[in-house]
**Q** 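A single structure is presented below for examination.
Counting starts at 1 for both ligands and their atoms, in listed order.
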Amino acid sequence: MTEVGFTLNEIDFMIKNIRRLAKYRRVKTPLMLAGGSSHIAPEPYGTVLIIGPWNYPFQLVMLPLAGAIAAGNCAVVKPSELSPNVAGIITKIINKNFDNEYIFSAEGGIEMSEQLLAQKFDYIFYTGSTTVGRIVMEAAAKNLTPVTLELGGKSPCIVDKDTNLDNAARRIAWGKLLNCGQTCVAPDYLFVHKEIRDEFIKKLINTSEAFYGSNPIKNEQYSKIINERHFNRLLSLIDKQNIIYGGNYDKERLKISPTVIYPVTKDSKIMQDEIFGPVMPIMEYENIDEVIGYINDRPKPLALYFFSKDKGRIRRVLKETSSGGVCINDTVNHIASAGLPFGGVGDSGMGSYHGRATFDTFSHKKSILKSQLIFDLEMKYPPYDVSEGFI
Ligand code: NAD
C-alpha cells in the first residue's frame, strides 16, 4: 500500500496525464502586445538528483523519479544505505532496464551523497531529516541549483472534546503505528482536551490492542525499528515513570511495543525532537488558544491533525497555524489525496509534489511571447515626443 501502491498510482497518473501536463498553456496577452500570443512551456530542467531516506525507501525514490522522467529529465537516484535490500532492488530495476545515461541508481552512504552533491545538477530533490536538508541546500547553493526539500519534524495531533472519540482513536493509532511510527507525517504527539482525556486514552489503548494484540512484539504484522541506533534513541526518550501503556521491547528483534506516555510537559525530552517511533506522548489542554500558541512557538510542522466537530475551532486552527498539510478528523491520509500537493513549510521543507505538483516540480516554466511581424507600435521607439501638450 505505502510503497508499491503509491508508486503505481503516480506512474498511472503520469501516463494518463502526460500530454495535458506537457502541453504549452496559452495565457492572456495585454492589448499593448496585440497580435501576439503568450504561452507557458514546461521544459525539463536537465539532469536531476533524487536522494531518498530509509523509512519508505522505495516510494520516496521511485515516486519523484516517475515525475522527473515524465517531465523529460535524466535522473540519478541515491537510495538510503540504511535499507540496503530495497536499495539493491531499486538499482536492479533502474540500472538493468534503462540506459544508464538516462536514469541511474548510485548506491552508497553519506560519502556517495557528498560526491553527488559536489556535482552540478539541474535540480535536487531531497527527502530526509531537517539537519541533512541544510547540508543539501548549502551544497546546492554553490551551483545555484534549485531544490525541493521534503523534511520532517514534530507533527501535532489535537483531540477536541467535541468529536467522535472512537474514530479519532482508530485513525490516530493507525497513523502513529503505520511502519511503527517511522513515518514523516505520523502524528508525533497528542494534545487531548481535559474533559475527554481519560476516556480517549482508554480508547487509544484498546484500539492498539485490537490492531496488534496484547503482545504486539510477537505480532508479525507489527513492524520493527530500522536499526540499533534508532532503537536505542527511542528507548532513551521513554520516561519509564510516565508509561501508561506499553514500554516493552525486544532488543534482538529491534521491536518496541506501542507506548503511551502521560503526562509530559513541553520540557520533557520526548517533546524536543521528532520521535519517529511507536511512542505517543500526551499533553492535555483546556482552551484551543493554548494549543495554537504552543504550535506557533515552534518550527512549522510537516502535518497537523485536528479532530473536532466544532466549525469555529476548526476555522481557527486552520487560519492561525501554519504547517505543510492538515487533516481534519484524520491522520496521514492527506498525502493520498491525488490533487493535493505534498510538502513542508519552514523547517519541515520547501516545495511539494504528488500528481500534477510532481510534474511541475521537475519542469521549468518557460515563458514565450510570440509577436506578429505585420504592424508595429511606432510610439514604442525613440525618439520620444516630449513636447508640451503631447500627454
Ligand atoms: P537522513 O537525512 O539521515 O538521510 C536521508 C538521505 O541523506 C540518505 O540517502 C543519506 O544517505 C543521505 N545523507 C545522510 N547524511 C548525509 C550527509 N551528511 N550529507 C549528504 N547526504 C547525507 O534521513 P533518514 O534518517 O533517512 O530519514 C528520516 C527523516 O526523513 C525524518 O526526519 C523524516 O521525517 C524525514 N522524512 C521526510 C519525508 C517527507 O516526505 N517530508 C519522508 C520520509 C522521511
**Q** Please go through F13's hydrophobic cluster and name the other residues, only I, L, V, M, F, W, Y counting, with side-chain heavy atoms under 4.5 Å joining them.
**A** M14, L21, F359

**Q** Give a yes-or-no answer on whether the side chains of Y305 and N329 include a donor-acceptor pair shorter than 3.5 Å.
**A** no

**Q** Under 3.5 Å, side chain of R170 to main-chain N/O of D166, donor-acceptor pair present?
**A** no

**Q** Using heavy atoms and a cut-off under 4.0 Å, could you grab the residues that are in contact with ligand 1, chain by chain, numbers ascending?
**A** I51, G52, P53, W54, N55, L60, K78, S80, E81, I110, S113, L117, Y126, T127, G128, S129, V132, I135, E150, L151, G152, C184, E274, F276, L302, F342

**Q** Are any non-hydrogen side-chain atoms of W54 and V86 less than 4.5 angstrom apart?
**A** no

**Q** Do any pairs count as a side-chain hydrogen bond (donor to acceptor under 3.5 Å, both in side chains) and have a residue in residues 116-125, sequence neighbours left out, and if so which ones?
**A** Y123-T148

**Q** Would you please name every residue forming a side chain to side chain donor-acceptor pair (under 3.5 Å) with N100, sequence neighbours left out?
**A** none

